[in-house]
Number of protein chains: 2
Amino acid sequence: MNATPRWLTSEQKAAWDSFIRMQEKLIGKLTRRLQDDSGMSASEYIVLAKLTETEDGRMRFMDLAKLVEWEKSRMSHQVRRMAKRGLVAKEECPDDGRGAFIVATPAGHRAIEDAAPMHVEHVRRLFTDALTPEELAVLARISDRVLAHMERQPD
Amino acid sequence: MNATPRWLTSEQKAAWDSFIRMQEKLIGKLTRRLQDDSGMSASEYIVLAKLTETEDGRMRFMDLAKLVEWEKSRMSHQVRRMAKRGLVAKEECPDDGRGAFIVATPAGHRAIEDAAPMHVEHVRRLFTDALTPEELAVLARISDRVLAHMERQPD
DNA sequence: GGCCGCTAGTTGACGCGTCAACCAGTGCGC
DNA sequence: GCGCACTGGTTGACGCGTCAACTAGCGGCC
């Protein structure tokens, strides 16, 4: 212990800084846009998106949480807030006394249908339009490599 | 208005999904690690990092906010919390009656010096080690392109 | 020197995310 | 059928981030 730390090379640091800066600005702009255009947070958007992609706009609480890779407590808080806003509703589950279904309400369906086209347009405008198809493919490959690499690491 | 929305192609959507997933997982792991290893949030880390990179560990409030591209209210809240924890202190500015200097305390210096080597190690372990130097360079170039593209867009 | 618009910084309310503690129902072993 | 570990889900406290409203000092124009 107490070995002199191995810092990043200047190329590595530059790459890291660019990546972090880009990602922060991009996500920031998108969430602000979503909020301004549709009065919806990114979390609300993704919950509604996943729910309404199903057959009947309904999903078991834990299935939903696993699908978006959230902790159950995060999902619980989120669902409570969205239920208060009338975007989703909780229904009890006949098969499992503990369980709950989360359902997108009509207002929820309307909200995501209104929001989605604009959101996609912003993703296009800010992100995909910046890159050639080849660059986009390279970025996808790199992202998958990092993801795969992380899977192999502890934690 | 009401034109049928132009969705992303499946390649674009796949690239977007991979990027988002990677970035969320990576940032998530790093912040959790930082918290566990050093009891510090990412925000605290960056504030201390920028502060201690200066000559005297001191910076004008607004200069600091601009440097890390935060809103002043965000910085104000952050500094208040960090002052409460004893990581920084506020000093008044002789030249400008409104102004404030933010100073890293000895505890602040110690905290970042302890945290930095481990943090860098995790960045290396989770990110730079996943990629070849060429891939890293490509990612940097792509990030810079997206950044530059965003600068040219409204908002 | 008095007004006015600007910049510096704070505050409060509210949504978000994490952690840890908790309750309740399930299902399995005996 | 009883006990017990596990899963499903909630809750409360707290740090974080945004927005909007606010205070206060500065600087320029008349």
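Residue numbers begin at 1 in each chain, while the letters A, B, ... track the order of the sequences.
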Can you find an N or O donor on one side and an acceptor on the other, under 3.5 Å apart, linking the side chain of A:His77 with the base of D:dG9?
-> no

Please state whether the phosphate of D:dG17, meaning OP1 or OP2, lies under 4.0 angstrom from any side-chain nitrogen or oxygen of B:Gln78.
-> yes

Rounded to whole angstroms, how far apart are CD on A:Glu69 and P on C:dT18?
-> 12 Å

Where the side chain of B:Ser76 is defined as all heavy atoms beyond and including C-beta, which of D:dT10, C:dT11, D:dC19 is the nearest nucleotide?
-> C:dT11

Residue B:Glu44, side-chain heavy atoms: nucleotide from D:dC16, D:dC19, D:dT11 that is nearest | D:dC16

Presence of salt bridge, B:Asp37 and B:Arg33, under 4.0 angstrom = yes

Taking all non-hydrogen atoms of both residues, which atom of B:Ser76 and which atom of B:Phe61 are closest, and how far apart?
-> N-CZ, 3.5 Å

Could you say whether A:Arg80 or A:Asp36 is positioned toward the 5' end of DNA chain D, judged by the nucleotide with the nearest heavy atom to each?
-> A:Arg80

Taking NZ, NE, NH1 and NH2 as the nitrogens, is one of them in A:Glu44 or A:Arg81 under 4.0 Å from a carboxylate oxygen of the other?
-> no

DNA chain C contacts made by residues 86-112 of chain B, counting heavy atoms under 4.0 Å = B:Lys90, B:Arg98, B:Gly99, B:Ala100

Does A:Arg81 put a side-chain nitrogen or oxygen below 4.0 Å from OP1 or OP2 of C:dC14?
-> no

Does any non-hydrogen side-chain atom of A:Met75 lie less than 4.5 Å from one of A:Val68?
-> yes

Taking the side chain of B:Phe61 as its heavy atoms from C-beta onward, which of D:dG9, D:dT11, C:dG9 lies nearest to it?
-> C:dG9

Interatomic distance where CD belongs to A:Gln35 and P belongs to D:dA20 [whole Å] = 10 Å

To the nearest Å, give me how far apart CZ (A:Arg74) and P (D:dG8) are.
-> 19 Å

With sugar-phosphate meaning primed atoms plus P, OP1 and OP2, does A:Ser41 contact a base, only sugar-phosphate, or nothing at under 4.0 Å between heavy atoms?
-> sugar-phosphate

Residue closer to the 5' end of DNA chain C, B:Ser73 versus B:Lys66 (nearest nucleotide) | B:Lys66

Please give, in whole Å, the distance from D:dA20 C1' to A:Arg32 CZ?
-> 15 Å

Report yes if some heavy atom in the side chain of A:Tyr45 is under 4.5 Å from a heavy atom in the side chain of A:His119; otherwise report no.
-> yes

Assign the ring pair B:Phe19 / A:Phe19 to parallel, tilted or perpendicular, where the plane angle (0 to 90°) is split at 30° and 60°.
-> perpendicular

Which part of the nucleic acid, if any, lies within contact of B:Ser43, taking any heavy atom under 4.0 Å across all strands shown: a base, the sugar-phosphate backbone alone, or nothing?
-> sugar-phosphate

Distance in angstrom units between A:Ile27 CD1 and C:dC16 C1', rounded = 15 Å

May I ask you to test the B:Met59-B:Thr54 pair for a side-chain heavy-atom distance under 4.5 Å?
-> yes

Please report, rounded to the nearest Å, how far the P atom of C:dT7 is from the NZ atom of B:Lys72.
-> 9 Å

Nearest-angstrom distance from the residue atom CE of B:Met62 to P of C:dC6 = 16 Å

Using whole Å, report how far CE of B:Met75 lies from P of C:dT10.
-> 11 Å

Non-hydrogen side-chain atoms of B:Trp70 and B:Ser43 separated by less than 4.5 Å | yes

